[in-house]
Every structure is written in structure tokens, then in C-alpha cells.
Amino acid sequence: MSEAAKHMNDEVAIQINGMHKWYGEFHVLRDINLSVHRGEKIVVCGPSGSGKSTMIRCINRLEEHQQGQIIVDGIELTNDVKKVDEIRREVGMVFQHFNLFPHLTVLENCTLAPIWVRKTPKEEAEATAMKFLERVKIPEQALKYPGQLSGGQQQRVAIARSLCMNPRIMLFDEPTSALDPEMISEVLDTMISLAEEGMTMVCVTHEMGFAKTVADRVIFMDQGEIIEEAPPEEFFDNPQSERTKLFLSQILHNG
Amino acid sequence: MTADVPGMSEGAKVSPFRDPKVRALFFQILVIVTFLAFVYYIADNTITNLEKRGIASGFDFLSQNSGFDIGIVLFVDYNAQTSTHGDVLLIGIINTLAVSLSGIVLATIIGFVFGVLRLSNNWLVNKIASVYIEVVRNIPLLVQLLFWYLAVLLELPNVRESAKIGESIALNNRGLYFPSIVPEAGFWLIPVAFAVGIIATIFVSRWAHKRQDETGQPFPVISTGFGLILGLPIVAALVMGLPFGFEYPAMGRFNISGGWVVKPEFMALFLGLSIYTGGFIAEIVRSGINAVSHGQTEAANSLGIKPNITMRLIIIPQALRVIIPPLTSQYLNLTKNSSLATAIGYSEIVAIFAGTSLNQTGQAIEIIALTMLFYLTISLIISVFMNWYNSRIALVER
């Protein structure tokens with residue numbers, strides 16, 4: 001295990017064993033094996049089409065896997081709708097395109113799930129929402145609609161919306177890819193502070209700076225397979241496979 | 001900036017023939033003058049011709065006796081001997097409104113149900129919805145109306161061979177007959193209980209909202225409301241010892257008297273319009289739901305929100321923004337298409353007022369003008385209402 005893990009303990013948060021996924025004939029994920037410990041931060045990178053988004057979307061069953069095993073928080077993901085709901089309640093997700101509900105205010109976006117899923121009284125849900133909106137530093141936007149906010153602000157609202165469910169695990173699916181360059185850092189700062197508090201995080205991202213500062217492990221995927229898995233220092237300084245080297249040279253060259 | 005460019009200075013003289021503002025003004029004046037001249041020509045021509053033929057203009061004919069019978073009369077008393085063309089107009093308006101409003105309600109229900117079914121992953125359900133939509137959208141409405149009237153409703157058995165449920169409900173080629181309710185002493189409590197049920201439901205819904213806000217527990221408002229609105233009148237009826245009787249339709253040899261009847265002309269128009277427009281509304285609903293990005297469903301799923309709540313609180317409110325404007329035109333279409341009833345003998349405004357009354361009085365201009373004015377008014381009312389609703393649910397953007 002990585003020595004960099006400050007908040008990690010031995011409890012396993014996500015366990016993926018020999019997982020395969022097909023889209024029709026197309027074999028998207030091949031024999032994925034991964035275990036994520038409580039408090040661990042994983043960064044997943046790889047060229048586009050490598051299956052990294054699909055993999056993390058399998059963790060809260062936005063995508064179904066066809067073979068193998070995914071165990072989240074001790075619950076195995078099966079077709080059992082109740083189990084799926086249980087897992088989704090504990091796993092927050094942040095999307096590339098924010099996916100805020102445009103017809104609801106920022107505050108309503110944050111309170112909808114606590115009210116309807118956790119059956120939280122409205123006042124309490126609003127108080128919690130304001131607490132998290134303050135954490136992502138936009139409490140003053142609470143009564144605006146998503147369309148009135150900048151991309152960076154919207155993504156921070158999306159993070160706050162997930163946090164309102166008090167998730168034990170957070171999944172980030174390219175959270176900064178749709179943002180203008182000057183807004184990337186405000187979202188990354190939010191994610192870094194979340195990481196410092198010990199949240200278990202799996203992030204698909206191309207922000208290598210973020211990977212270096214935050215990740216306990218970096219995972220490199222290509223063509224549906226995990227090619228390399230190492231702590232960030234090792235991963236960036238001494239990549240093992242040719243494909244990783246090629247990818248890093250391209251991405252670091254551009255960055 | 002432009003002033004610095006040589007030859008483009010603001011003061012430079014431009015020939016008025018090449019100035020776009022002058023040209024625009026000139027053509028607008030030309031159009032207005034031509035239009036007014038045309039209107040004057042038509043009006044003058046019409047008045048001269050009417051005078052030549054000795055036809056009186058004006059709306060006096062509305063108080064003349066009509067002298068013809070009308071097939072379907074709702075809510076007003078009508079008698080060929082004493083009633084006037086004004087009454088005919090009123091009955092035409094009532095009948096048009098009756099079939100349009102009931103058609104709009106049924107078409108909306110059919111449209112939403114089939115629109116959602118069309119999106120189903122179930123192969124059979126999906127195909128059934130597709131076939132329905134494609135068939136009704138691709139056959140002319142007039143043919144469909146004739147189908148319902150001539151091929152379905154008039155082909156029902158005759159009076160003697162009526163299809164019956166018990167002894168009281170009968171279906172034949174004269175219509176659908178069922179018993180009418182005759183109130184007896186104490187009947188008043190039933191509508192009162194019904195009203196109380198509605199008011200109670202409003203209070204329950206408010207209370208449930210407040211309770212959910214305070215404790216987080218949702219309350220089944222819809223089923224409770226249903227129970228109150230239906231249950232209270234039933235309890236009231238039992239308490240008052242069933243204070244009503246039925247007047248059963250009496251089956252004669254060739255005819256049926258008494259009871260309530262839905263005439264085949266109304267049924268045919270009502271079904272034809274609703275089923276036809278329902279097909280179009282289904283497509284509108286489908287495209288509205290499809291227009292809501294899949295990311296919305298995914299975000300709701302990832303928060304653990306149940307599918308029915310996702311549909312109700314996230315998908316439908318956003319889909320409505322896309323659905324309402326074309327839905328408005330379908331409502332307008334349905335209302336205007338009700339004038340095709342003239343082909344199957346339903347007594348709506350075009351059939352009796354712009355038809356029979358016009359033939360009898362010869363007041364073509366006045367009658368057609370009134371008819372057009374009526375449709376225009378109804379259409380504008382529907383439009384104004386739907387636009388108001390649409391602006392209420394519009395998204396707030398920056």
C-alpha cells in the first residue's frame with residue numbers, strides 16, 4: 001500500500017473484482033481489478049475512449065457491468081433495485097457537465113435529494129445546504145438559478161449538492177473538463193479541501209497537478225484495461241509501460 | 001469610426017433613392033395605400049351589390065324566428081316555433097365549446113399516455129403506441145370522423161337489439177343511454193359533501209406540505225384527496241338514506257325515452273377529434289421528454305432519487321417548457337377542427353348557424369363575420385391562457 005495515505009485505513013470502500021463490460025459487441029472494460037480503501041484518493045487518467053468514465057459510472061450503477069463483482073461499502077451491486085438505491089445514497093457523483101436541475105434554485109438543487117430521499121425536514125435540509133454552499137464559497141448565490149451562474153460556480157454547486165447527502169464516497173467524472181481555464185482552479189481548490197478532510201474520492205481527471213498533490217494512487221487506463229497503478233511520484237517519474245509514457249509525454253507537453 | 005474612413009463621413013450626401021431608411025419608408029407607405037384601396041373597393045362593391053339585390057344588412061335577423069329543429073341542444077330551451085337565430089347562435093357556441101373542451105381534456109390524456117408509452121423500453125408497448133400515432137396522424141381527420149360516425153356508431157345495433165348492461169344502460173345506433181338521476185328530499189347534502197371533499201383536500205395538501213417541511217415525512221395526498229372527494233358524497237348519500245331515484249330509459253319498440261343520452265353525432269366528433277389530436281400530442285410529449293438531457297436523469301439517479309419522483313419533479317417540469325407552445329396549437333387545431341362536424345350532423349356553430357341559419361336568412365356577411373369572430377375569440381383566449389402558463393414555468397436564465 002501507498003505510504004502517502006494519511007487518512008487511509010484498512011477498511012475497503014470499493015472493491016472491484018474481474019469486472020467486464022460490453023456495449024453490444026464492443027468490449028469496453030476488460031478484467032478491472034481495483035480496491036479503494038476508506039479515505040483513499042484515486043485519480044484515474046487515460047486517453048479518451050479508454051473506459052475510465054465508464055468504470056466509475058459502474059460504481060454507482062449508472063452503467064451496468066456484465067461480469068465480475070463490484071462491492072461498495074460492503075454491498076454488492078446486483079440488479080436488486082433496493083441495493084442500488086442504498087449505494088447511490090452513500091456515493092456522491094459530480095459530472096463533467098454539472099447536470100444541475102435548471103428549473104430549481106441553487107438551494108432547491110441542494111435540498112431536493114435530502115428532502116425526498118433522506119426525508120429530512122425542510123428547515124434542516126436548508127441549513128445543511130447553506131453549510132455546504134458556504135464550504136464551496138457561494139452561499140450568496142443560494143436563491144439564483146443555475147443558468148445565472150458561471151461554469152465554475154455551477155460545478156461547485158454540483159459538489160455541494162452531492163455533499164448534502166453526506167456521502168461516504170465521492171466520484172468525480174472529469175469535473176473540470178468543461179470549464180474555462182480560469183475557473184478550473186476554484187473547482188480544484190474545493191476538491192483539494194474535500195480530500196484534506198478525508199473523503200474517499202475517485203476522480204477521472206486530466207489535471208496532473210491535482211493528481212500530484214492529492215492522489216494516493218494514480219491509475220492509468222487504455223482500451224478498457226488498467227495498464228498501470230502507482231503512487232503519483234512513481235507514476236510521473238518512472239512510468240513502467242510504453243503506453244503510459246506516451247500518454248504522459250502528450251499530456252505534460254500540452255500542459 | 002466610420003467618419004474617419006474617406007468617403008464614408010456622416011455628412012456625405014446620399015441620394016434618397018439609395019438610402020435604405022427612405023426606401024423602407026416608401027415601400028411601407030405604398031403597401032398601406034394599396035391595402036386601404038383594396039379594402040375600400042371590396043366594401044364599396046359589396047354594399048352596392050347588396051343594395052342592388054335588395055338584401056338588408058345588419059344584425060336584425062338575430063331576433064327573427066328560426067323555424068328549424070336542432071339535433072342536439074344543451075342547457076338552453078329551444079323550440080323551432082318560438083326561438084330565434086340568436087338562440088341558434090348561442091346553441092352553436094355551446095355545442096362547439098362542449099365538444100372542444102371535452103375533446104381537449106381527452107386528447108391531452110390520450111396524448112400524455114401514448115407519448116410516455118412511445119418512450120417505453122417494452123417492445124410491444126412501444127410498437128402499439130407507434131402504430132396508433134402513425135395511423136391517426138396520417139389519415140385525414142374528415143375520413144376519421146366519417147369512420148367513427150358511419151362505420152362504427154351508426155353500425156351499432158338498432159334500438160330493439162341494443163347492447164345492454166343490466167336493464168338500464170343501452171348502446172345502439174341512436175346513442176348511449178343511461179339512467180338519469182332524479183333528486184329527492186335531502187339530495188342537497190351530496191353536492192355539499194362533494195364541495196367539502198374538495199375543500200378538505202386542499203387543506204390536507206397544505207397540511208401535508210407543511211408536515212413534510214417540518215418532519216420530512218411525505219403524505220399520500222393524491223389517494224387521500226381521491227378518497228375524500230369520492231368518499232364524502234357516498235357517506236352523505238348513505239346518511240340521508242339514498243335521497244335520489246333513477247329515471248330509467250324506457251325501451252320502446254322503435255325508440256327510447258327518458259334517461260340521459262349521448263348522441264352518436266357527439267360521440268363520433270368527440271372520439272374522432274380526441275383520438276386524432278391525441279396522436280399529435282403524443283409526439284409533442286415524446287419530443288418534450290426527449291428534450292430533457294439524459295444527464296438530468298443521471299444526476300437524479302446518482303443522488304438516489306426514485307424514478308417516479310425524478311419524473312414528477314425533474315423531467316416533467318422541464319419537458320413542459322418544450323411541450324406547451326406546440327400543445328397550444330394542437331388545442332387551437334382541435335377547436336377549429338370541430339367545424340368539420342358539419343359533415344356528420346353535430347349541431348355546432350358552423351353546421352347550424354353558418355349553415356342552416358345562413359341558408360334561411362341569406363345574411364352571409366354578418367353570419368360568417370360572427371362565426372369568425374367567435375373562433376378568433378376562443379383561439380385568443382386559449383392562446384393567452386397557454387402563454388401565461390408557459391411564462392410561469394419558463395426557465396430563469398441570466
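In what follows, every chain begins at residue 1, and chains take the letters A, B, ... in the order their sequences are listed.
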Legend entry - Contact class of B:Gln296 relative to chain A, heavy atoms under 4.5 angstrom: both
Inset, instruction - Name the member of B:Val292, B:Thr297, B:Ile305, B:Asn301 that forms the most heavy-atom pairs with chain A at distances under 4.5 Å. - result: B:Asn301
Inset, instruction - Let me know if A:Leu100 has heavy atoms under 4.5 Å from chain B in its side chain, its backbone, both or neither. - result: backbone
Legend entry - Shortest non-hydrogen contact from B:Ala299 toward A:Asn99: CB-O, 3.4 Å
Legend entry - B:Leu238 atom CG: more than 12 heavy-atom contacts under 6.0 Å: yes
Legend entry - chain B contact via A:Leu62 - which portion, at a heavy-atom distance below 4.5 Å: side chain
Inset, instruction - Verify the neighbour count for atom CZ of B:Phe226: are there more than 12 heavy atoms of other residues, nucleotides or ligands below 6.0 Å? - result: no
Legend entry - Engaged part of B:Ile309 at the chain A interface, taking heavy atoms whose separation is under 4.5 Å: side chain
Legend entry - Close approach to chain B in residues 120-131 of chain A, criterion heavy atom under 4.5 Å: A:Thr120, A:Pro121, A:Lys122, A:Glu123
Inset, instruction - Could you look at A:Phe95 and say if it's the side chain, the backbone, both or neither that has a heavy atom under 4.5 Å from chain B? - result: side chain
Legend entry - Of all pairs that satisfy salt bridge (Lys or Arg N to Asp or Glu O under 4.0 Å), the ones with a partner from residues 104-115 of chain B, not counting sequence neighbours: none
Legend entry - Engaged part of A:His103 at the chain B interface, taking heavy atoms whose separation is under 4.5 Å: both
Legend entry - Residue among A:His97, A:Arg161, A:Lys144, A:Met165 with most heavy-atom pairs under 4.5 Å to chain B: A:Arg161
Legend entry - Contact origin within B:Leu313 toward chain A - heavy atom pairs under 4.5 Å: both
Inset, instruction - Return yes when atom CH2 of B:Trp388 has more than 12 non-hydrogen atoms of other residues, nucleotides or ligands closer than 6.0 Å, and no otherwise. - result: yes
Inset, instruction - Kindly say whether B:Ser302 contributes a backbone atom to a donor-acceptor pair with the side chain of A:Asn60 at under 3.5 angstrom? - result: no
Inset, instruction - Answer yes or no: does atom OH of B:Tyr132 have more than 12 heavy-atom neighbours from other residues, nucleotides or ligands under 6.0 Å? - result: yes
Inset, instruction - Report yes if some heavy atom in the side chain of A:Arg57 is under 4.5 Å from a heavy atom in the side chain of B:Glu298; otherwise report no. - result: yes
Legend entry - Contact class of A:Val91 relative to chain B, heavy atoms under 4.5 angstrom: backbone
Inset, instruction - Measure the CZ-OG1 distance between A:Phe101 and B:Thr310 for me, rounded to the nearest 0.5 Å. - result: 7.5 Å
Inset, instruction - Taking atom NZ of B:Lys210 as the centre, report whether more than 12 heavy atoms of other residues, nucleotides or ligands fall under 6.0 Å from it. - result: no
Inset, instruction - Give a yes or no on this: more than 12 heavy atoms of other residues, nucleotides or ligands lie within 6.0 Å of atom CZ of B:Arg211. - result: yes
Inset, instruction - Measure the CD-CD1 distance between B:Gln212 and A:Ile115 for me, rounded to the nearest 0.5 Å. - result: 6.5 Å
